[in-house]
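Below is one structure; the comments refer to it alone.
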4 protein chains.
Amino acid sequence: MNKMRNIRKGTGESRRGKETILLILNSAKTILIEQGYSKLSMRKVAVGAEISVGNLQYYYPSKNDLLKDLLDHSIDEFMNEFERLRVGVNNDPELHLRSIINFIVLDLGNPTTTTFYPELWALANHDEYADKLMDQIYARVRLPLEDCITRINPKLSVEQVKKVALFISASMEGMTMFVGNGKVWNDSIKQMANIAIMSFLQMVKKITPEDIDKVL
Amino acid sequence: MNKMRNIRKGTGESRRGKETILLILNSAKTILIEQGYSKLSMRKVAVGAEISVGNLQYYYPSKNDLLKDLLDHSIDEFMNEFERLRVGVNNDPELHLRSIINFIVLDLGNPTTTTFYPELWALANHDEYADKLMDQIYARVRLPLEDCITRINPKLSVEQVKKVALFISASMEGMTMFVGNGKVWNDSIKQMANIAIMSFLQMVKKITPEDIDKVL
Amino acid sequence: MNKMRNIRKGTGESRRGKETILLILNSAKTILIEQGYSKLSMRKVAVGAEISVGNLQYYYPSKNDLLKDLLDHSIDEFMNEFERLRVGVNNDPELHLRSIINFIVLDLGNPTTTTFYPELWALANHDEYADKLMDQIYARVRLPLEDCITRINPKLSVEQVKKVALFISASMEGMTMFVGNGKVWNDSIKQMANIAIMSFLQMVKKITPEDIDKVL
Amino acid sequence: MNKMRNIRKGTGESRRGKETILLILNSAKTILIEQGYSKLSMRKVAVGAEISVGNLQYYYPSKNDLLKDLLDHSIDEFMNEFERLRVGVNNDPELHLRSIINFIVLDLGNPTTTTFYPELWALANHDEYADKLMDQIYARVRLPLEDCITRINPKLSVEQVKKVALFISASMEGMTMFVGNGKVWNDSIKQMANIAIMSFLQMVKKITPEDIDKVL
DNA sequence: AATGAATGAGCGTTCATTCAT
DNA sequence: TATGAATGAACGCTCATTCAT
């Protein structure tokens, strides 16, 4: 079965077809990253993939179909790497938390990450599919975080753990626009990772249920 | 002198002209927020402002000119409110820090903020003006943060204070896509503010120069 | 006020604009008649009117808007001539009926009529606007027929008169595809008019309410 | 030999091939009737026949080839039924004329007839094949009409009989757009048949060579 | 200060057709 | 017989921009 989900049925099943799909997705990704979603057009994707517009639309009948596969494809690369982290870390939750934070913050330096994610966030405000996708991928990112937090600070309820994980994950995402590749503060990415690790670790250890749920 | 900087020279100086400019900017902002930058067009702005395309282009000869004023105009509203915070807070740096964090996190619930800022971040990756504007506004946001941090933790160098302020500011921005208006976690916005205050205050107090600059 | 009803608001109000609209409608009509509706495209209309596609779409935002005005415009020419018949005929209903039949049958020889009406009929089966338009124009054609029939044969009820008028009108339309301009039987158009006059006049005089409504 | 004339040579000779051709023709006919000729495309036909575009083009190398067979196929159904009329009617020419008129007028209520024939007429104005086909089928329809007329009114010349038959046939076709299936006057179809029979029978009996050929 | 008219490029999409398998 | 892959042209339409009035 074909992994790509939004192509026309009965398409991309021959070896040649699969190669063409990869050419298309890579072309689309390059344009999205270099020029932004507002400049992404079927014509440009076709030129980038060195195929005709007609052939592009043979695989992706509508631009939206292409966008869906593009988002899936772009995110898969990150998720595959991220979920390899889980493996190969010993049982120490603090160490695991450190390694996750370190991985995510340093990944922000990746030029693809720097430009792709802000496009995704903006898109999610206007496109249902992008919105659902975001929910899914960040839920998967928070899973190991929640596991670490629960083990480091067992006094927190399940709901509270989820909120702390969300806070940590969201905080790191926020750095994208400032320390990402080509950004003014890109040189400080290591220090940001240091501050993040120190800050989040301290917080996870010390925070109490009351700290989270108090009403002022 | 006219406050708007990117309109045609000698334009928007009469009362009627100023009203038209406001109609234009509000129309543009509505479209940017409701439909995203990729759907923003001169035609739609003109329709929204109930003027002709020709007249719109009398004020803003090019779409880029309009975009510039749109960004300025949209950000001014936030900055005006933000800088009013400074006034009316007594001399306690910790209290001031708390109030800044609280203000920014709770502001994320604002629907305009939720959708406008991701558009700005995405834009900044491809548009020089948006990029510079981001630098300027976030530098202004960090100023009071840096002041508080210096006074709470005097051992930090000027550079280190800047990085801590950046970390705090960036962290809070990262919550936009998760706890903003209409987002899945919007109900948890108060708890996010609590975690943020607890987390950042603790960190600012405890962090050492070595924590920030150590190399692993 | 502008006579054309389906153009963009605030358009076609200057003398130049009105001239352009006429160029457009004439171009569209020529294409419809020479090549048929399936070959009618905005591009071809623009070429025929010697304007840009953009300008064409400035006047007619959608192809459907153009089609509507095209149908209105094309029919107006016939209706104007047809309704001039009413005037200048003395009070004799038989004479009036003869002149109507004669006019309509001979008009079928008009090359525009020959090709335009079959397109309209086909269109009416798939396009609501064309369907309604057909109803309206043929109702207007039947009005004077109904008047003559009532006066020639007063025994018929209002409903029966309507049906006889419909029969006569429909019968004449049916000749379009056979005796119209360029058709095999075009040379027989005069004889067709003779047969029609003799046949319909005889029938209107002799037909009884029972002839029409009997059930076999 | 294969009955279909416009398919690729050596094609449609196996049982499977014949079934596929029927699927194709039925799909094409459905589209022609439901959406009109302007919406008829090879793609839609292939989808409707549940085969690939490539396979469709194996049978019909060009759209025009398909159109030809489509017209032949669609008309055959009517002609088969029509020519069955001849059989089973006794020798009375007046009775035969009545039954022909009745059959044709009532057939207009058939939804296929209602929409198919106007498409054919419009097509005949721009397509040579459709034009020739029309000539052929209506000549076949007029044959029994001419036979009846000659026997009812022997004073008419051969040419005059042909014109009277044409008049009758054309008149009935004209009702398609008004009393056909789904049309406003569909309920009056029986009365239309009555008026037609009364009108045409009277005319055939009474009309003189001078009525037809007089010049005014 | 404002409108209407016009252009030309580009958009997403559909299409008939060709061809290798 | 039948499919999947590919092309190139055309489609309806939107767009930023220019210009005369």
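Within every chain, numbering begins at 1; the chains are lettered A, B, ... in the order of the sequence lines, protein sequences first and strands thereafter.
In terms of heavy atoms, D:Phe116 sits closest to D:Ile75 at CE2-CG1, 3.9 Å.
Each of C:Pro61 and A:Lys9 lies near DNA chain F, and the nucleotide nearest A:Lys9 is the one positioned closer to the 5' end. Of the two residues near DNA chain F, B:Lys44 and A:Ile51, the one whose nearest nucleotide lies more 5' is A:Ile51. Take the nearest nucleotide of DNA chain E for D:Leu40 and for C:Arg15: the residue whose nucleotide is more 5' is C:Arg15.
Rounded to an integer number of Å, the gap from D:Asn64 CG to E:dC15 P is 17 Å. Residue C:Met42 contributes atom CE, which lies 14 Å from atom P of E:dT7 at whole-angstrom precision. Atom OH of B:Tyr37 and atom P of F:dA16 are 9 Å apart (whole Å). Atom CZ of C:Arg8 is separated from atom P of E:dA6 by 13 Å (rounded to the nearest Å). Regarding B:Lys63, its NZ atom lies at a distance of 15 Å from the P atom of F:dT18, rounded to whole Å. One atom, NZ of A:Lys18, and another, C1' of F:dA5, lie 15 Å apart when rounded to the nearest Å. Between the CD atom of B:Glu50 and the C1' atom of E:dA2 there is a distance of 15 Å, rounded to whole Å. Summarising the geometry, the separation between CD1 on B:Ile21 and C1' on E:dA1 is reported as 11 Å, rounded to the nearest angstrom.
Of the candidate nucleotides F:dA16, F:dT14, E:dT17, F:dT14 has the atom lying nearest to any side-chain atom of C:Gln57. Distance from the side chain of C:Ser14 is smallest for E:dA5 among the nucleotides E:dA5, E:dT13, F:dC13.
On a pure distance criterion of 3.5 Å, a polar donor-acceptor pair joins the side chain of C:Arg43 and the base of F:dG12.
A salt bridge does not link B:Glu34 to B:Lys29: none of the charged side-chain nitrogens sits closer than 4.0 Å to a carboxylate oxygen.
Across all strands shown, F:dT21 forms a Watson-Crick or G-U wobble pair with E:dA2, both key distances being under 3.5 Å.
Using a 4.0 Å heavy-atom criterion, one finds that C:Ser41 contacts the sugar-phosphate atoms exclusively. Within 4.0 Å (heavy atoms only), B:Leu56 reaches no atom of the nucleic acid at all. At a threshold of 4.0 angstrom between heavy atoms, the contacts of D:Gly54 include nucleobase atoms, whether or not backbone atoms are also involved. Note on D:Leu66: nothing from the nucleic acid sits closer than 4.0 angstrom, heavy atoms only. Using a 4.0 Å heavy-atom distance criterion, B:Ser52 is classed as a base contact.
Here B:Tyr58 reaches the OP1 or OP2 of E:dA1: one of its side-chain N or O atoms lies under 4.0 Å away. Under 4.0 angstrom from either OP1 or OP2 of F:dT7 there lies at least one side-chain N or O belonging to A:Asn55. Between B:Thr20 and E:dA2, a side-chain N or O to OP1/OP2 separation shorter than 4.0 Å is present. Put simply, A:Arg16 has a side-chain N or O that comes within less than 4.0 Å of OP1 or OP2 on F:dA6. Contact annotation: C:Tyr59 side-chain N/O to E:dA6 OP1/OP2 distance is under 4.0 Å.
Under 3.5 Å, the side chains of C:Ser62 and C:Asp65 contain a donor-acceptor pair of N or O atoms. A donor-acceptor contact under 3.5 angstrom links the side chains of C:Asp72 and C:Tyr129, judged on distance only.
A cation-pi arrangement, defined by a distance under 6.0 Å to the six-membered ring centre and an angle within 45 degrees of its axis, is present between B:Lys63 and B:Tyr37.
Remark: C:Glu50 engages no residue in a salt bridge (charged side-chain N to carboxylate O under 4.0 Å, His left out) (not counting sequence neighbours).
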